[in-house]
Participant: 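Encoded as structure tokens, here's the structure I'll be asking about.
Remember, it's 1-based here, ligands and their atoms both numbered in the order they're listed. Residue numbers count from 1 along this sequence. What you see is a predicted model; the values in this text were computed from it and never measured. The figures that follow rest on heavy atoms only: side chains count, while hydrogens, waters and symmetry mates do not.
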Amino acid sequence: MYSERVMDHFTNPRNVGDMADADGIGTEGNPTCGDAMKIYIKVRDGKIVDAKFKTFGCGAAIAVSSMVTEMVKGKTLDEALAISKETVAAELGGLPPQKMHCSNLGADALKKAIEDYRSKQK
Ligand code: FES
């Protein structure tokens, strides 16, 4: 029921861990399933140069976190903000409809990390 890419990112997640010197941190949770995701970003010259995550959640949430942190690297903040639950799911080769909220968690945690970074620049 999961695509090969989902299984790959679930069993071999990229960018797991803390980032002590993160420029922005975003946390998002889903009260229904209880899953939670934290995304860290490092920004240089308006581009995201590194990203890490820590996720307490289902396999789809782990795969989404891994994929989001890969997708954002090298993107400008505005390009990263355009990442949605649909684009993450598409990069993962699709997600079952009941798992789309896991994808939403990733897109929302990323948005919050970017907002956190921008609020610190003011
Ligand atoms: Fe809630 Fe996956 S079941 S994030």
Side-chain angles (χ1 to χ4, degrees):
M1 114 163 178
Y2 286 120
S3 72
E4 261 177 49
R5 227 173 302 165
V6 170
M7 291 312 293
D8 175 33
H9 279 266
F10 169 55
T11 52
N12 260 311
R14 282 62 144 181
N15 313 308
V16 181
D18 283 316
M19 189 187 281
D21 54 349
D23 296 315
I25 302 175
T27 317
E28 187 61 46
N30 183 304
T32 309
C33 64
D35 292 352
M37 193 180 288
K38 198 174 207 175
I39 290 185
Y40 306 83
I41 54 169
K42 177 154 282 305
V43 182
R44 289 290 171 272
D45 299 326
K47 282 193 177 172
I48 298 177
V49 292
D50 198 12
K52 293 228 179 272
F53 78 89
K54 280 174 84 178
T55 292
F56 178 86
C58 70
I62 305 283
V64 161
S65 316
S66 172
M67 181 53 90
V68 166
T69 50
E70 283 290 276
M71 285 170 78
V72 294
K73 286 186 199 169
K75 283 198 165 53
T76 65
L77 295 174
D78 286 337
E79 286 167 349
L81 278 175
I83 292 175
S84 65
K85 66 175 177 183
E86 285 83 11
T87 53
V88 178
E91 285 292 323
L92 283 169
L95 280 171
Q98 71 272 26
K99 287 289 173 182
M100 282 306 285
H101 81 271
C102 319
S103 192
N104 210 16
L105 222 51
D108 286 351
L110 172 65
K111 277 186 186 69
K112 285 191 173 173
I114 293 170
E115 279 164 17
D116 181 46
Y117 167 76
R118 284 186 163 159
S119 71
K120 286 175 179 160
Q121 303 309 301
K122 286 181 186 150

Participant: Just jot down the ligand 1 atoms closer than 4.0 angstrom to any heavy atom of His101, in number order.
Facilitator: 1 (Fe), 2 (Fe), 3 (S), 4 (S)
Participant: State plainly whether the residues Asp116 and Lys120 are in salt-bridge range, i.e. N to O under 4.0 Å.
Facilitator: yes
Participant: Please indicate whether Lys42 has more than 12 foreign heavy atoms, meaning atoms of other residues, nucleotides or ligands, lying under 6.0 Å from its NZ.
Facilitator: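 Result for NZ/Lys42: enclosed.
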Participant: Closer than 4.0 angstrom, basic N to acidic O: yes or no for Arg44 and Asp23?
Facilitator: yes
Participant: Report yes or no: does a heavy atom of Leu105 sit under 4.0 Å from some atom of ligand 1?
Facilitator: yes
Participant: Using a strict cut-off of less than 4.0 Å between a Lys/Arg side-chain nitrogen and an Asp/Glu carboxylate oxygen, indicate whether Asp21 and Lys52 qualify as a salt bridge.
Facilitator: no
Participant: Is the distance from atom 2 (Fe) of ligand 1 to some N, O or S atom of Cys102 under 2.8 Å?
Facilitator: yes
Participant: Which protein heavy atom lies closest to atom 1 (Fe) of ligand 1, and at what distance to 0.1 Å?
Facilitator: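 Result: Cys33 SG, 2.2 Å.
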Participant: Does any non-hydrogen side-chain atom of Leu105 lie less than 4.5 Å from one of Val64?
Facilitator: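 With C-beta onward as the side chain, the pair stays apart.
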Participant: Identify the protein heavy atom lying closest to atom 4 (S) of ligand 1, giving its residue, its atom name and the separation to 0.1 Å.
Facilitator: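 The closest one turns out to be Asp35 OD2, 3.0 Å.
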Participant: Verify the distance test for Cys58 against atom 1 (Fe) of ligand 1: any N/O/S atom under 2.8 Å, yes or no.
Facilitator: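 Coordinating: no.
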Participant: Which heavy-atom pair separates Met7 from Thr11 by the least distance, and what is that distance?
Facilitator: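 Looks like O-OG1, 2.6 Å.
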Participant: So is Lys99 in contact with ligand 1, going by heavy-atom distances below 4.0 Å?
Facilitator: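 The answer is yes, since Lys99 has a heavy atom less than 4.0 Å from ligand 1.
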